[in-house]
Amino acid sequence: MESDLSWMVPIEVMLGSLNHGEVQACSISSVPDEIRDPNDDAYKPKLVSIGPLHRGTTRHLQLMEEPKWHYMREFLDRKGSQEQTRRSELRLRDCGMEILKMDKVIRASYGGNIELEPHEFAKIMIVDGCFLLELLIRLGSYMENKTNSTYSEDPILETEEKVFSVLNDITMLENQIPFIVLKKLYRKVFPNGTEIKDDHRVADIVRKAFGYPLMNSSGGAHILHLMHLSTIEQNQHGSKEVKKASKELVRCAARLKATGIMIQPGNNSSNLDNKLVDVFNFDINFNGKVLEIPVLHIKETTEVKWRNLIAWEQSRIWIRCKYTSYALFFQGLICCKHDIELLEENGVIVNESKKSKEDLLTLFRTICEGVEHMDSSYSELCVSLNEYKRAKPWRKWPIVTWHLCRVIFEIVVYYWKNWFTILIRDHVPTVWKLIGVLAAIVLLALTIAQTYYSAHSSH
């Protein structure tokens with residue numbers, strides 16, 4: 001009879017987790033195709049997989065399974081004494097028993113659809129959880145020293161390129177494990193007398209690793225949610241209206257300049273000197289003539305973090321969609337490379353990555369594809385910018401005309417490149433086909449000439 005009711009297990013899992021204070025049901029889910037299509041790589045880990053969704057899906061992820069076990073051993077052996085080393089096996093057993101008891105609520109975080117056997121699922125949580133805690137502790141030290149000399153032989157932190165890659169991987173929505181798992185594992189290795197809901201040590205480790213200010217608050221559903229909590233006040237109820245997503249700003253940067261609005265960088269409070277710190281500042285202000293936008297630093301981790309935070313916002317119905325609204329504001333501000341150049345000249349955008357102007361334009365054009373809701377963070381601001389009128393309107397025409405010429409030129413170049421690429425790819429893949437295409441062009445030209453002269457002779 002039990003086997004006949006096995007299909008009820010996921011439902012029981014979900015219902016059992018609804019009243020669990022430390023777990024959010026369906027908080028780790030697949031990113032919808034509409035959001036991921038513009039840049040699928042932004043949602044798939046390249047160096048390390050966390051949790052069951054991407055485990056072993058590529059050769060690079062499989063190669064990193066062994067270093068995970070070394071990290072796990074280092075975490076369980078922390079404090080270094082021989083007594084602690086001998087006790088690490090007991091710690092491991094305690095972790096296993098604790099995680100196994102939480103099987104149902106952990107599965108609820110994945111929507112109850114994980115079909116792994118309980119012991120195998122618990123093993124993934126323990127290995128990846130211990131690895132992630134050790135990695136975060138090392139990242140915090142790495143951030144403080146701003147050097148990787150200490151970790152020159154570390155398989156994950158040995159090069160700056162790998163550090164950027166792992167920072168990207170552990171911020172992806174599909175590459176998370178429930179925060180309750182990290183807290184339980186940490187408390188088994190470093191026990192204290194506080195209630196688990198009041199234990200903010202793991203949250204502080206995460207904030208330190210990513211350069212966020214420390215605060216006395218919980219960790220949320222997972223690391224990505226903690227990042228959201230660390231940058232946005234979650235007083236959602238009645239403060240910021242949730243509405244259908246749309247591009248509210250209809251004047252791009254060049255047109256704003258043409259109307260007499262001065263665009264300048266605002267003050268950033270984050271640590272901008274550290275290439276690993278990637279914190280967004282949403283404090284955009286307009287005082288009637290000057291538009292102040294905090295500097296947007298495009299770093300190696302910016303696009304992945306931004307896209308996944310938007311995906312997280314779109315996966316919840318109760319969360320403030322600040323990152324989505326911020327992206328839509330920049331989407332309205334930038335319509336061509338001319339706008340990017342203008343914002344870079346004014347110091348609003350600082351491109352610290354290797355992205356070209358074309359890549360940046362693609363980022364701003366596609367970052368909001370597939371989104372369905374936003375908040376009203378910049379609604380009043382956009383209305384003011386859209387309605388602003390210059391005292392001497394004729395002065396804007398030279399700027400607008402030049403901007404339109406740039407836009408038309410970029411469109412022509414864009415389509416010419418696409419047509420040329422299609423021609424080379426589909427019609428001229430070999431030398432013989434190239435000769436055939438050229439012969440066809442010559443034959444077409446001769447046919448046209450023959451027709452013309454025949455008609456001229458008859459006349």
Side-chain angles (χ1 to χ4, degrees), residues 35 38 231-232 239-266 268 280-298 302-303 306-307 309-310 313-314 320-351 357 360-391 393 395-397 399-404 406-408 410-411:
I35 294 177
T231 51
I232 298 174
S239 62
K240 294 296 178 183
E241 175 191 358
V242 177
K243 56 184 181 180
K244 186 176 180 180
S246 63
K247 189 169 65 174
E248 296 178 310
L249 183 62
V250 297
R251 287 175 172 173
C252 63
R255 290 179 179 272
L256 291 176
K257 178 183 177 182
T259 59
I261 294 175
M262 184 187 308
I263 302 175
Q264 64 183 34
N268 284 30
F280 293 80
N281 188 327
F282 306 107
D283 192 19
I284 303 173
N285 295 297
F286 179 55
N287 63 7
K289 192 168 184 179
V290 177
L291 176 61
E292 287 191 352
I293 305 174
V295 181
L296 174 60
H297 289 259
I298 307 295
T302 300
E303 180 172 0
W306 199 354
R307 287 186 181 276
L309 283 165
I310 289 175
E313 290 180 343
Q314 298 302 308
R320 280 191 60 184
C321 299
K322 191 78 170 185
Y323 283 92
T324 306
S325 300
Y326 183 69
L328 285 165
F329 179 85
F330 267 92
Q331 194 174 68
L333 197 63
I334 296 170
C335 73
C336 67
K337 288 187 288 185
H338 188 199
D339 294 312
I340 294 178
E341 292 171 2
L342 176 59
L343 293 174
E344 285 183 333
E345 290 172 4
N346 291 358
V348 172
I349 292 179
V350 177
N351 184 12
K357 294 286 192 300
L360 288 178
L361 185 60
T362 301
L363 165 63
F364 289 113
R365 280 179 173 173
T366 64
I367 192 159
C368 289
E369 283 193 18
V371 301
E372 294 183 351
H373 50 272
M374 59 185 288
D375 65 23
S376 57
S377 299
Y378 304 111
S379 297
E380 294 181 6
L381 174 70
C382 290
V383 170
S384 299
L385 292 171
N386 293 335
E387 294 179 350
Y388 184 85
K389 294 182 180 180
R390 187 167 190 157
R395 290 188 176 180
K396 72 178 183 180
W397 294 116
I399 300 175
V400 173
T401 302
W402 172 239
H403 176 66
L404 289 175
R406 291 285 301 268
V407 172
I408 293 171
E410 286 186 18
I411 292 173

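The shown structure was predicted, so the numbers you read here are calculated from the model rather than taken from an experiment.
The two residues Glu313 and Arg320 come nearest to each other via the heavy atoms OE2-O, 3.2 Å. When all heavy atoms of Thr324 and Cys368 are compared, the pair lying nearest together is O-SG, 4.0 Å. Heavy-atom minimum distance, Phe282 versus Thr231: CE1-O, 4.2 Å. The nearest pair of heavy atoms linking Arg251 to Asn386 is CZ-O, 3.3 Å. Considering every non-hydrogen atom in both Ser246 and Leu328, the closest pair reads O-CD1, 3.6 Å. The two atoms that bring Gln314 and His373 nearest to each other are NE2-O, 2.8 Å, heavy atoms only.
Looking at Glu344, Glu341, His338 one by one, the single match for side-chain hydrogen bond (donor to acceptor under 3.5 Å, both in side chains) with Lys357 turns out to be Glu344.
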Start with the C-alpha distance between Cys336 and Asp339, add both sets of side-chain angles, then the distance that settles side chain to side chain contact (heavy atoms under 4.5 Å, CB included), and finish with yes or no.
CA-CA 6 Å; Cys336 67; Asp339 294 312; 3.9 Å; yes

Please report the C-alpha distance between Leu256 and Tyr388 in whole Å, then the side-chain angles of each, then the deciding distance to 0.1 Å, and finally whether the side chain to side chain contact (heavy atoms under 4.5 Å, CB included) criterion is met.
CA-CA 9 Å; Leu256 291 176; Tyr388 184 85; over 6 Å; no

Could you give me the CA-CA distance, side-chain angles and deciding distance for Glu248 and Ser325, then say whether side chain to side chain contact (heavy atoms under 4.5 Å, CB included) is met?
CA-CA 9 Å; Glu248 296 178 310; Ser325 300; over 6 Å; no

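When side chains are defined from C-beta on, Pro294 counts as touching Ile284, because their heavy atoms get closer than 4.5 Å. Put simply, the side chain of His297 does not reach to within 4.5 Å of the side chain of Thr302, judged on heavy atoms. Side-chain atoms of Leu333 and Phe364, non-hydrogen and from C-beta on, never get closer than 4.5 Å to each other.
For Thr366, the side chain to side chain contact (heavy atoms under 4.5 Å, CB included) partners at least two apart in sequence or on another chain are Pro38, Arg307, Thr362, Glu369. The side chain to side chain contact (heavy atoms under 4.5 Å, CB included) search around Asn346 returns Ile263, Leu342, Val348, not counting sequence neighbours.
Classified by interplanar angle (parallel below 30°, tilted 30° to 60°, perpendicular above 60°), the ring pair Tyr378/Phe329 is tilted. The aromatic rings of Phe330 and Trp306 lie perpendicular to each other, with more than 60° between the two planes, well past the 30° mark.
Side-chain atoms of Asp283 never come within 3.5 Å of backbone atoms of Asn285 as a donor-acceptor pair (strictly under, hydrogens ignored).
Between the CG atom in Leu360 and the NZ atom in Lys337 there is a gap of 11.0 Å [rounded to 0.5 Å]. For the atom pair OH of Tyr326 and CG of Asp375, the computed distance is 14.0 Å after rounding to the nearest 0.5 Å. Taken from NZ in Lys322 to CE in Met374, the straight-line distance is 10.5 Å, to the nearest 0.5 Å. To the nearest 0.5 Å, atoms CD1 (Ile349) and CD1 (Ile298) are separated by 6.0 Å.
Using a 3.5 Å distance cut-off with no hydrogens or angles, the side chains of Lys243 and Ser379 do pair a donor with an acceptor.
Within a 6.0 Å sphere centred on CD of Glu372, other residues, nucleotides and ligands contribute 12 heavy atoms or fewer.
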